[in-house]
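Okay, so here's the structure we're looking at.
Side chains included, hydrogens not; waters and symmetry mates left out as well; all remaining heavy atoms used. Counting starts at 1 for both ligands and their atoms, following the listed order.
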Amino acid sequence: MLSPALCFLMEAHNGLSAKIAHEAGFSGLWASGLTISASLGLRDSNEASWTQVLDVLEYMTDAVDIPILVDGDTGYGNFNSVRRLVRKLCERQVAGVCIEDKLFPKTNSFIGEAQPLADIDEFCGRIKAGKDSQLDDDFVLVARVEALISGRGMEEALTRAEAYRAAGADAILIHSKQSTATEILEFTRRWGGRAPVVIVPTMYYATPTEHFRQAGVSTIIWANHLMRASITAMRETARRIHDDQSLVEVEGRVASVKDIFRLVGNAELEAAERRYLPDKARARAVVLAASSGDLGELTADRPKCMIDVRGETLLQRLVGVLNESGVREVSVVRGYRKEAVSAHGARLVDNDRYAETGEVFSLAQARDQLEGEAVVAYGDVLFRNFILDSLMGSRADIVLAVDARPPSGAEKPRVRDLVAADRWYSGDYLDSAPAQLVRMAADLAGTEAAGEWMGLARFSARGTELLRAELDALQAEGLLETADMPLLFTRLAVKHPVRVKYFTGHWMDVDTLTDVAAARNFT
Ligand code: SPV
Ligand code: MG
C-alpha cells in the first residue's frame with residue numbers, strides 16, 4: 001500500500017463496491033468514512049458507531065482479498081479508543097487505518113472553515129497507542145494532517161507531520177481543499193520524503209497524476225467516486241421508472257441480474273453444492289415429450305404431455321413428482337406443437353426434427369443435462385413418489401422402474417417397452433436378489449417378458465457417463481436419429497449391468513383416451 005512507486009486506492013463502501021473496484025484492477029481500497037456513512041443514509045459526523053463501520057468492513061474484507069485502508073476518522077475518541085479500534089481492525093484482516101488530527105465527533109473536511117484541531121501531543125498519543133496495539137507487523141497507520149484544511153498554514157502542517165512521523169506513523173496524509181495542487185506540491189517539496197505521503201485530490205482533481213508521481217507522492221486516494229457514480233445512476237433510473245411506469249427504457253442500461261449473480265460469486269456456490277450436497281439434491285431430469293402422441297381432438301393443438309388432468313397438465317404433475325423427490329433441474333424436450341409446451345420450474349429443450357426422429361434423438365438434444373446423477377422419464381407417465389424414491393436410493397449405475405404385473409389385454413391394450421430380465425419378479429419378502437436387464441423391446445414373447453418399463457430410469461454419475469458414451473456410439477453408427485429407448489437400454493445392458501426394479505402398479509402412462517380418464521383419477 002505504501003510502495004515506492006505511486007499507487008492508487010479506490011473508494012468502496014460495502015462488499016459490492018469493493019468487488020467492483022477490485023474487478024476494475026485496483027489493488028487497494030479506501031474505506032471512506034464519508035461514503036460508508038452516506039451508504040447508510042447518515043452524515044459524515046460519526047453518526048454511525050465505529051462498530052457499525054466495523055461490520056461494513058467485515059463485508060468488504062470478505063468480498064475481496066486486497067488491502068483496505070480504513071478511514072478511521074479521529075480514532076473515535078482518545079488513545080484508548082484507537083487501541084481497541086486497531087485490534088479489532090487487525091482481527092478483521094484490515095490492512096491499515098488513517099486517523100485525522102481532529103476531535104470526536106468529526107466533521108467532514110469540506111464543511112465549514114477553521115475546524116478545531118487536536119492538540120499535537122495528544123494526537124501523537126493516539127498514534128503511539130495505535131501502533132502499540134497492532135496485532136500484525138504489516139498493519140499500517142496513516143496520520144492525517146488537517147492543518148491546511150483548517151487554515152493553519154504550511155508551517156503548522158509541516159510541524160504536525162513531523163511530530164506524527166516521530167510518534168510512529170507509517171505515512172502522512174496531507175489533505176487540502178484547494179482547487180489546485182499548489183499547497184500539496186509545496187508540502188511534498190518541503191517534506192522531502194521523510195515518510196510516505198498520501199493525498200486525496202478530490203478538489204484539485206484537474207492536476208495531472210504525473211505531477212504527483214514526480215513530486216514523490218506514495219499513494220493517491222480516489223475518495224468517493226463509486227458512491228457519487230452510483231448516486232447519479234440510481235437517481236436517473238429511479239426517475240425514469242417513476243415517470244414511465246415501465247422498465248422498457250431502463251432495461252438495456254442497467255446491469256443484468258446475471259451480472260449480479262456473477263459479481264457475488266454464484267458460480268462458486270454451485271461448485272460447492274456439487275462438492276458438499278448429497279447427490280440426490282442435485283439430480284437432474286430429462287423428460288421426453290417431443291412426440292405428438294395421437295389422442296385425436298385432445299392432441300390437435302398440443303402434445304400429450306400438455307393434456308389437462310384435473311386442472312394441471314400431465315407434464316406439470318410429472319415435474320411436481322420429480323421436484324418432490326429432490327430432482328430440481330428438470331429439462332423437457334419438446335417438438336410437436338412446441339409452442340404449447342411449458343411447465344413451471346422446467347427448462348425447455350427443442351427437438352425440431354421430432355417428426356422424423358425418435359426418443360433417443362430427443363434425449364441427445366438434452367445431452368448437457370446428462371451429467372452427474374440424472375433421471376430420464378417419458379413425458380406422458382405418472383407414478384407415485386415411492387417409485388422414484390426407490391430408484392434414487394439404488395446403488396446401481398443404471399436402474400429402470402419395471403411393472404411386473406402381467407399386462408392384461410383388456411386393462412392395457414398397448415404395452416410399450418417390454419423387459420426381459422435375468423430374474424423374474426418374486427413376491428417373496430425374503431427374496432431381494434437384484435434383477436438385471438437382458439433386453440428391452442416392444443414385442444417380446446409373453447414367456448420372455450418379465451414386465452413393462454414404466455418410462456422412468458435413473459442414472460448415477462457413472463451411469464450418465466455410460467449414457468453419453470452410448471449416445472455418441474449410436475451417432476457414430478448413424479443410428480441416433482431412429483433409435484428408440486428399448487434399443488438404447490439393450491445396448492447399455494450389454495456393456496454394463498442395468499438394474500431392473502420391480503413394482504406392481506402405482507403408475508400409468510397415457511396412451512389412450514381411457515388412460516386420460518384414468519389419469520384424472522390418479523392423484
Ligand atoms: C472520506 O472519504 O471520508 C475522507 C476524505 O475522509 S474527505 O471526504 O475528503 O475528507
Ligand atoms: Mg473521512
Original post:
What protein heavy atom sits nearest atom 4 (C) of ligand 1, and how far away is it?
Top reply: Asp71 OD2, 3.5 Å
Original post:
Is Asn224 in contact with ligand 1, taking contact as a heavy-atom separation below 4.0 Å?
Top reply: no
Original post:
So, the side chain of Asp170 versus the backbone of Leu141: is there a donor-acceptor pair under 3.5 Å, distance only?
Top reply: yes
Subject >> Atoms of ligand 1 close to Leu34 [distance to a heavy atom under 4.0 angstrom, numbered from 1] >> reply: 1 (C), 3 (O)
Original post:
Just distances here: any N/O of Ser32 and N/O of ligand 1 closer than 3.5 Å?
Top reply: yes
Original post:
Got the closest protein heavy atom to atom 5 (C) of ligand 1, with its distance?
Top reply: Arg144 NH1, 3.9 Å
Original post:
What N/O/S atom of Asp71 is the closest to the Mg ion (ligand 2)?
Top reply: OD2
**OP:** Return yes when His175 approaches ligand 1 closer than 4.0 angstrom through a heavy atom, no otherwise.
**Re:** yes
Subject >> Backbone or side-chain N or O of Phe110 under 3.5 Å from ligand 1 N or O >> reply: no
**OP:** Test Glu373 against Thr464 for side chain to side chain donor-acceptor pair (under 3.5 Å), laying out the working first.
**Re:** CA-CA 7 Å; Glu373 187 179 22; Thr464 49; over 6 Å; no
Original post:
When you measure from atom 8 (O) of ligand 1 to every protein heavy atom, which one gives the shortest distance, and what is it?
Top reply: Asn108 ND2, 3.1 Å
Subject >> Note: Arg367-Glu371 ion pair, threshold 4.0 Å (strictly below) >> reply: no
Subject >> Point-to-point distance, once rounded to the nearest 0.5 Å, from CG of Leu29 to CG of Leu69 >> reply: 10.0 Å
Subject >> Where ligand 1 meets Ser109 - atom numbers and elements under 4.0 angstrom, heavy-atom basis >> reply: 10 (O)
**OP:** May I ask you to decide if Gly335's main-chain N or O and Asn351's side chain share a donor-acceptor pair within less than 3.5 Å?
**Re:** no
Subject >> Heavy atoms from other residues, nucleotides or ligands near CZ of Arg92 exceed 12 (cutoff 6.0 Å) >> reply: yes
**OP:** Over 60° means perpendicular and under 30° means parallel, so classify the ring planes of Tyr76 and Phe104, tilted if in between.
**Re:** perpendicular
Original post:
Within 45 degrees of the axis of the six-membered ring of Phe123 and under 6.0 Å from its centre: does Arg160 put its NZ or CZ there?
Top reply: no
Subject >> N or O contact, Glu100 vs ligand 1, cut-off under 3.5 Å >> reply: no
